[in-house]
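Computed from a predicted model, the values in this text were never measured in an experiment. Sequence lines set the chain letters: A, B, ... in the order given, protein chains first and strands last, and positions in each chain run from 1.
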Amino acid sequence: MEQGRTQMDLSHPDKLLWPEAGVTKQGLLDHYTAVWPRMERFVVNRPLALVRAPDGVAGKQRFFQKHASPGMHEAIGKMADPEDGEELLYIKDFNGVAALVQLGVVEIHIWGCTIDAIDTPDQVVFDLDPDEGLDMNDVRAATLDIRRRLDGLGLPNVVKTSGGKGFHVIVPLKPKADWKTVKTFAHDFAEAMEQSDPEKYTATLSKKARTGRIFIDYLRNARGSTTVAPYSSRAKPNATVSVPVTWPEVENGVGPADFSIDGKALGKALKAADPWGDFDKLRKALHG
DNA sequence: GGGTGTA
DNA sequence: TACACCCAACGCCGT
DNA sequence: ACGGCG
Ligand SMILES: [Mn+2]
Ligand SMILES: [Mn+2]
């Protein structure tokens with residue numbers, strides 16, 4: 001059995017999944033081949049949610065999937081959620097990604113925990129969701145503000161582009177605290193930001209509260225909630241990718257949608273040092 | 001994309 | 001054989 | 001209790 005790469009056959013490898021960007025199903029698999037050394041540890045052995053677009057991102061069909069369908073490829077692992085018995089999905093290796101690509105998966109989302117410790121999250125996520133038309137520089141400034149606050153609390157942090165309109169700031173955790181603890185921490189953190197700068201931030205998701213502001217989406221930190229995985233493609237016309245970056249890059253103006261499949265910026269990023277290389281070393285227990 | 005249910 | 005259908009789900013918030 | 005929302 002080949003490890004690390006697959007010869008799994010793709011049906012219709014030349015089908016355009018991102019017609020506007022000219023990215024085919026094979027092109028998507030090639031993307032994952034290129035990023036896999038950096039991506040693997042963030043996606044394997046975690047419950048997943050999938051955004052599937054079997055006819056491409058411009059097609060009619062697009063759906064979100066958290067549970068197994070009958071007959072799914074054996075490279076896609078299934079595990080009963082101890083809470084409700086639903087069959088959660090996960091992958092163990094690159095063959096799993098290949099199987100996802102064959103299914104028309106255009107976004108890979110991860111739970112904030114591994115399958116071996118499903119009740120103790122190993123990360124906190126702050127998902128910055130700006131209102132339409134907010135200046136990208138305001139979003140960068142908000143992201144840097146989150147870093148400053150986390151630094152002040154002595155909490156490790158890394159950042160990635162979302163591939164959409166914002167950034168994701170991640171606190172690597174040792175999986176000690178439970179979901180309630182982690183979500184409450186994230187909620188309190190978001191509310192503190194809103195209180196200190198209510199013109200810029202809101203901790204309330206409603207469109208109304210978000211007008212002209214950035215929603216600090218702490219709700220990603222709930223059991224069963226998911227966030228787009230590092231290096232996942234996005235179901236946007238441009239085939240953007242969520243990419244880990246360094247804090248200096250954010251300071252120097254990197255934008256949330258600056259990276260895309262086959263893009264120059266991504267190729268360059270992959271040649272530089274891994275911005276999240278120390279992720280596992282940085283892990284810290286919340287509270288403790 | 002593909003299994004399932006209905007004709 | 002030929003189709004249509006399904007593919008998550010839940011807490012938060014304003015009313 | 002319901003609808004919008006992520
Ligand atoms: Mn977001
Ligand atoms: Mn969000």
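Under the 4.0 Å criterion applied to side-chain N and carboxylate O atoms, R223(A) and E83(A) are assigned as salt-bridge partners. With respect to the salt-bridge test (charged N to carboxylate O, under 4.0 angstrom), the residues D122(A) and R283(A) qualify. Note on E87(A) versus K78(A): no salt bridge recorded, every NZ/NE/NH1/NH2 to OD/OE distance being 4.0 Å or above.
Counting to the nearest Å, the C1' atom of dT15(C) and the NZ atom of K208(A) are 11 Å from each other.
Within the 4.5 Å cutoff, the side chain of R46(A) has no heavy atoms near those of the Y90(A) side chain.
Applying the salt bridge (Lys or Arg N to Asp or Glu O under 4.0 Å) rule to pairs touching residues 244-262 of chain A yields R147(A)-E251(A), sequence neighbours excluded.
Taking every nucleotide of DNA chain B with any atom under 4.0 Å from a non-hydrogen atom of chain A, the first and last of them, 5' to 3', are dG1(B) to dT4(B).
Scanning residues 52-79 of chain A for heavy-atom distances under 4.0 Å to DNA chain C yields Q61(A), F63(A), F64(A), Q65(A), K66(A), H67(A).
With the nearest nucleotide of DNA chain C identified for both G224(A) and K183(A), G224(A) has the one nearer the 5' end.
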Protein-nucleotides 2-6 of chain D N/O pairs closer than 3.5 Å?
unit_1: dG6(D); atom_1: OP1; unit_2: K207(A); atom_2: NZ; d: 2.6
unit_1: dG6(D); atom_1: OP1; unit_2: R210(A); atom_2: NH2; d: 3.1

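Listed by chain and residue number, H187(A) satisfy the ring pair (Phe, Tyr, Trp, His ring centres under 6.0 Å) test with Y218(A) (two or more places apart in sequence, or in another chain).
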Report, one line per pair, each donor and acceptor closer than 3.5 Å where one atom sits in a side chain of residues 270-278 of chain A; sequence neighbours left out.
unit_1: D274(A); atom_1: OD1; unit_2: W276(A); atom_2: N; d: 2.9
unit_1: W276(A); atom_1: NE1; unit_2: V159(A); atom_2: O; d: 3.0

